[in-house]
2 protein chains.
Amino acid sequence: MTGRENLWMRPDRPARGPRPAFSRARLTEVAIRIADAEGLDAISMRRLATEIGAGTMSLYRYVSSKDDVIELMIDAVVADYLPPDAVMTGDWRADLRGFAVGVRQTMLRHPWVAPLVGTRQQPSPNRVRMLDAALRMVDDLGMSFNEMLTVIGTVFAYVNGFVEAELAEAEALRRTGLDLMEWMTLQVPYLQSVVASGSYPMVARMLTEGGQDYVDVGDRFDFGLDRLLDGIAARLPHASG
Amino acid sequence: MTGRENLWMRPDRPARGPRPAFSRARLTEVAIRIADAEGLDAISMRRLATEIGAGTMSLYRYVSSKDDVIELMIDAVVADYLPPDAVMTGDWRADLRGFAVGVRQTMLRHPWVAPLVGTRQQPSPNRVRMLDAALRMVDDLGMSFNEMLTVIGTVFAYVNGFVEAELAEAEALRRTGLDLMEWMTLQVPYLQSVVASGSYPMVARMLTEGGQDYVDVGDRFDFGLDRLLDGIAARLPHASG
DNA sequence: TGAAACCACGTACGACGTACCCAGTTTCTA
DNA sequence: TAGAAACTGGGTACGTCGTACGTGGTTTCA
């Protein structure tokens with residue numbers, strides 16, 4: 001891996017030389033396991049290498065940089081945005097909703113992926129696959145192709161933004177190494193001083209009545225998603241589904 | 001700055017000792033300037049220190065870690081989510097829309113902030129201020145407090161997700177150090193091979209008709225935002241404004 | 001007039017990504 | 001069948017990072 005070529009356009013097996021000791025698939029699998037358990041910054045080339053049982057620099061035979069490892073990880077996870085048994089009903093709204101729910105569930109299983117995929121739009125096999133599937137869901141609805149792209153992009157923006165926020169607190173705990181109790185102990189005095197100032201009545205209400213009729217995170221996700229789909233449906237050229 | 005206390009609860013000026021050579025405000029300002037111009041990874045404690053004209057370790061008198069610097073940067077930028085001359089018309093929909101547009105514009109001016117603020121939900125002065133302002137926009141609409149929180153969270157999730165995606169390509173260029181031409185040269189052959197496979201007809205269409213009736217990014221943002229607000233408006237307990 | 005509380009900052013440590021190099025292995029070619 | 005070509009694994013080393021720690025100077029209070 002000497003640098004410039006595209007990560008996704010390499011032959012599986014080189015023509016000459018000894019057979020490789022491992023594979024990019026193995027590398028990806030190990031990296032995902034570490035990131036799931038300990039977060040993205042637990043991933044270093046040295047750590048990956050020892051976990052695989054190889055020398056650090058050997059990884060660079062399979063990948064031209066750490067960035068490539070990240071790309072491999074993203075692509076692998078994106079593969080199950082749509083589970084293999086997902087069916088397209090032909091009802092665009094149900095299909096798109098199922099897709100969004102699947103994306104969220106996958107992102108919750110791999111908490112490091114949402115921030116990455118939100119900020120990296122490089123094409124990769126599974127991202128291409130998912131984009132194609134999503135576009136097929138809104139085909140034949142009387143929209144222009146760019147309108148279809150806009151709709152898909154809108155839904156995905158919402159899902160990504162929501163899940164990032166959803167994971168933010170857990171990530172803060174991981175980043176600081178604190179447990180929930182310690183973290184609260186740090187934030188509460190400040191919030192109390194905010195409330196005491198009297199300048200932020202709504203935030204004050206949040207701290208007092210916020211816990212009252214608690215709304216489940218999944219329900220909040222569904223609410224926003226359904227409102228978005230409502231709004232889109234109302235603007236469709238002709239009512240289909 | 002010895003570690004555990006909350007960043008936002010320190011006295012402005014210590015009681016004893018010589019007067020500080022600079023300030024957290026100065027530190028924040030320099031950090032934001034660097035990040036705006038060269039991206040977030042251009043920020044290192046050494047770089048900040050030399051730019052300020054101080055010793056590297058002196059920064060730790062003002063801040064207990066690099067993470068605190070990041071928090072200061074975020075809070076400073078969040079301050080102009082709502083420009084100082086922004087008016088609350090009393091029309092919840094117009095106000096919320098103006099807020100969302102303001103957030104996007106601020107995020108575009110500071111391309112590093114969207115990914116950070118999406119994944120960090122720690123309270124800070126300006127974040128609290130913005131949250132309070134947003135909640136006031138949807139007050140008196142007959143919703144419970146948690147419903148209000150859900151609505152605000154939904155809009156913000158969309159804005160954040162959209163802007164992250166919007167900035168993704170530019171960020172990829174910065175990350176790799178390539179210019180647009182070089183980057184295209186790298187992606188195009190792969191995309192051509194994808195199209196040639198015949199398995200992804202929609203992506204193929206994207207490459208051929210995608211550029212035809214080009215939709216402005218701002219218009220796409222507005223579209224999603226307006227559909228979301230449509231959907232929310234339709235579910236409001238009673239029609240007010 | 002100490003002593004306490006603060007300040008600036010040099011040195012040093014462990015971790016990181018990766019450029020470069022060399023020796024060994026497989027396969028194609030003559 | 002010899003040897004060149006194309007690959008392999010991986011050790012060493014460089015520059016960068018965040019920051020723990022300590023030393024010595026300055027200001028303010030008791």
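Everything quoted here is computed from the prediction, not taken from an experiment. Letters A, B, ... mirror the listed sequences (proteins, then strands); counts begin at 1.
- Look at B/Arg120 and B/Glu71 and you find a salt bridge, because one of the NZ, NE, NH1 or NH2 atoms lies within 4.0 Å of a carboxylate O, short of that distance.
- For A/Met9, the CE atom is densely surrounded, since the number of other residues' heavy atoms within 6.0 Å is greater than 12.
- The ring pair (Phe, Tyr, Trp, His ring centres under 6.0 Å) pairs that include a residue from residues 10-45 of chain A are A/Phe22-A/Tyr62, where partners are two or more places apart or lie in different chains.
- B/Lys66 NZ to B/Ser44 OG: the interatomic distance, rounded to the nearest 0.5 Å, is 6.5 Å.
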### Sugar-phosphate or base contact per nucleotide [nucleotides 18-23 of chain D; S, B, -; heavy atom under 4.0 Å]
BBBB--
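- Comparing the local axis fitted to the first five base pairs of the helix from C/dT1-D/dA30 to C/dA30-D/dT1 with the one fitted to its last five gives a bend of 10°, rounded to 10°.
- The aromatic rings of A/Tyr190 and B/Trp8 are tilted relative to each other, their planes meeting at an angle between 30° and 60°.
- Side-chain contact between A/Ile152 and B/Met202: absent, with no pair of heavy atoms (C-beta onward) separated by less than 4.5 Å.
- Here D/dA6 presents its P atom at 16 Å from CZ of A/Arg10, a figure rounded to the nearest Å.
- The side chain to side chain donor-acceptor pair (under 3.5 Å) check on A/Gln187 picks up nothing, with sequence neighbours excluded.
- Nearer to the 5' terminus of DNA chain D, by closest-nucleotide assignment, is the contact made by B/Asp41 (compared with the other of B/Pro18 and B/Asp41).
- Atom OH of A/Tyr62 is separated from atom P of C/dT18 by 18 Å (rounded to the nearest Å).
- The phosphate of C/dA8 has neither OP1 nor OP2 within less than 4.0 Å of any side-chain N or O from B/Ser58.
- For A/Glu51, the salt bridge (charged side-chain N to carboxylate O under 4.0 Å, His left out) partners are A/Arg33, A/Arg47, not counting sequence neighbours.
- Residue-level contact check: B/Gly55 touches the backbone only, with heavy atoms under 4.0 Å from sugar-phosphate atoms and none from bases.
- For B/Ser124, the side chain to side chain donor-acceptor pair (under 3.5 Å) partners two or more places apart in sequence, or in a different chain, are B/Asp75, B/Arg127.
- Remark: P of C/dC16 and CG of A/Leu48 are 10 Å apart, rounded to the nearest angstrom.
- Judged by closest nucleotide on DNA chain C, B/Ala54 is the one of B/Ala54 and A/Arg16 placed further toward the 5' end.
- A straight line from CZ of B/Arg19 to C1' of C/dA8 spans 16 Å, rounded to a whole angstrom.
- To the nearest angstrom, P of C/dC9 lies 10 Å from CG of B/Leu59.
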